[in-house]
Amino acid sequence: MSVLLQEMSEKALKLNIPLSVQLDLTYRCNERCVHCYLDHDDHGEMTTAEIKHLLDEMADAGVFILTLSGGEIFLRKDFFDLLEHARRLMFCVKLKTNAVLIREREAARLRDLGVESVQISIYSHRPEVHDAITLIPGSLKRSVDAIRFLKSQGLKVIIANVLMTQNRHDYPGVRALAAELGVECTLDPTITPMMDGNRSVLDLAVDQGTLRQVFRDAALVGDVDEFCAIPAEPGESELNSTPCSAGHTACYVSPYGEVFPCVQFPLPTGNVRQQRFVDIWRHSDRMNEVRSIRLKDLTTCTSCTHVGSCTRCPGLAFMEGNMRGPSTQDCEKSFARTGVPSANMLAKKAAGSQGHANLGQNNLVQIRTLPSLSSATA
Amino acid sequence: MSRLYMARNPRVAARSLDGEMMIMSSRDSTLFTLNRTATILWQAADGTTPLDEIVEHRIVPEFEVGPAEALQDAETLARELASHEILQISEQPILPRNPVAGESWAKGSTTGESR
């Protein structure tokens, strides 16, 4: 994040302005990725008019960065109509897509509309691995062709590489592919539980050995010694800081109009079909509860060595049953980085717990549509 | 003396944050924040109102500065904003058009001659 954007984020935080919103236009998708946390049915997506009205409200509320995602956004027949509306409102628009439906014409239109960046999921440089994850033969070629079309238009493209057991050996190959294509590449080892509460996809997460290897790859993390250093004890200001931007300067809106603190934090805070976006943002009790949490308020983590440097995701913690509790996946990352077990890991060991073994029994909140709205169509 | 016209580049992203205008360049995703004078120019850049009129009606009354000096400073600023592709400038009025369909795009914004 640039220094200036950091300054703007701090200003937005003080002013309680949602600087950044991810809006999923649909959960429908033309791929069937094995690790995906979504169902792919349409339970009553917002209509074109509803989404345009929401975009108007979000612009009025001060939203600047708008990430359009899904599902696969190009499955919305009104996608370019919505994108044009968003750009008229001068949002900084980022897209997340598998790009399978992007050809020359779509790429040219995205450029003309001033899209800031296009993030495309690539799981491997090898078709047999990528296509086995998307479950769509030929999908790697389609996505890579699309990257070339987008690059030829001068658009900024970012390859998003989710690391899982199936592709754990391929991230150097994906990085090489990104270099060949002249695009950025990100690597994320986080697997999100499914929206219906099913945690079986977590079995796809890579093991400690792979995490340790990734975190010691200087091409990925820069200064390995610094990245893997045991963190210093946090000061008072760190303990009074907020865990992440979710609910503070950022939030997520589902295709059904539900507002959540983050795409990975399925705590329902309101629905834009029933309330104005800004009213949910400012006045939702749940949003304000999320907003009230400081690092010093965390249950297990406050006493943890890693509290000041951990990537702890409050949404993943929420899906484990407590938004103030630890996120096991992030405990594992901290352990892989430093070799020092987290307070959560030590507590589980003391209690005889076996990591993921009992997590599936925890109370999960699901993202679901409102029954009365299920007849609405896009 | 020729007149200068300004239009907002429709490919940038922009939002006012508590009166401070944020602009994201579509060329390289650089973020800018505009000072008060630049914000006035940005907001008034409709492609058809000449810079000298903007200075006379919007800048001189607000900043207690002489018209000639204000115009010179404003022109320098407009050219700087144009160099970052935030504004387009031209000695002719800049007519709005949709970059995709050739239709009306958004009030006060156009595709740029400089692109």
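When reading the values below, keep in mind they use all heavy atoms of this one structure, side chains included, and skip hydrogens, waters and symmetry mates. Per chain, numbering begins at 1; letters A, B, ... match sequence-line order.
Taking the side chain as every heavy atom from C-beta outward, B:R11 and A:D112 approach each other to under 4.5 Å.
At distances below 3.5 Å, not a single donor-acceptor pair connects side-chain atoms of A:K156 with backbone N or O atoms of B:S29. A donor-acceptor contact shorter than 3.5 Å links the side chain of B:R15 to the backbone of A:L89. A:R87 places a side-chain N or O within donor-acceptor distance of the main-chain N or O of B:P10, the cut-off being under 3.5 Å.
Of the listed residues (A:M8, A:E7, A:E116), the one with the most heavy-atom contacts under 4.5 Å to chain B is A:M8. Ranked by heavy-atom pairs under 4.5 Å with chain B, the first of A:V63, A:L66, A:V93, A:I17 is A:V63.
Counting non-hydrogen atoms of neighbouring residues, nucleotides and ligands closer than 6.0 angstrom, the CZ atom of A:R282 reaches no more than 12 such neighbours. Other residues, nucleotides and ligands contribute more than 12 heavy atoms inside 6.0 Å of the CD atom of A:Q6. By the 6.0 Å contact criterion, NE2 on A:H53 is open, its count of non-hydrogen atoms from other residues, nucleotides or ligands being 12 or less.
Remark: A:K14 does not engage B:D18 in a salt bridge, criterion side-chain N to carboxylate O under 4.0 Å.
For a residue to count as touching a neighbouring chain, one of its non-hydrogen atoms must lie under 4.5 Å from one of that chain's; by this rule A:A108 does not touch chain B. Proximity to chain B involves both the backbone and the side chain of A:L5, based on heavy atoms less than 4.5 angstrom apart. Interface residue A:L19: only side-chain heavy atoms are found under 4.5 Å from chain B.
Rounding to the nearest 0.5 Å gives a distance of 9.5 Å between CE of A:M90 and CE of B:M21. Going from atom CD1 of A:I65 over to atom CE of B:M22 covers 7.5 Å, rounded to the nearest 0.5 Å. Atom OG of A:S9 and atom CG of B:L17 lie 9.0 Å apart (nearest 0.5 Å).
Closest heavy-atom contact between A:F64 and B:L31: CE2-CD1, 3.8 Å.
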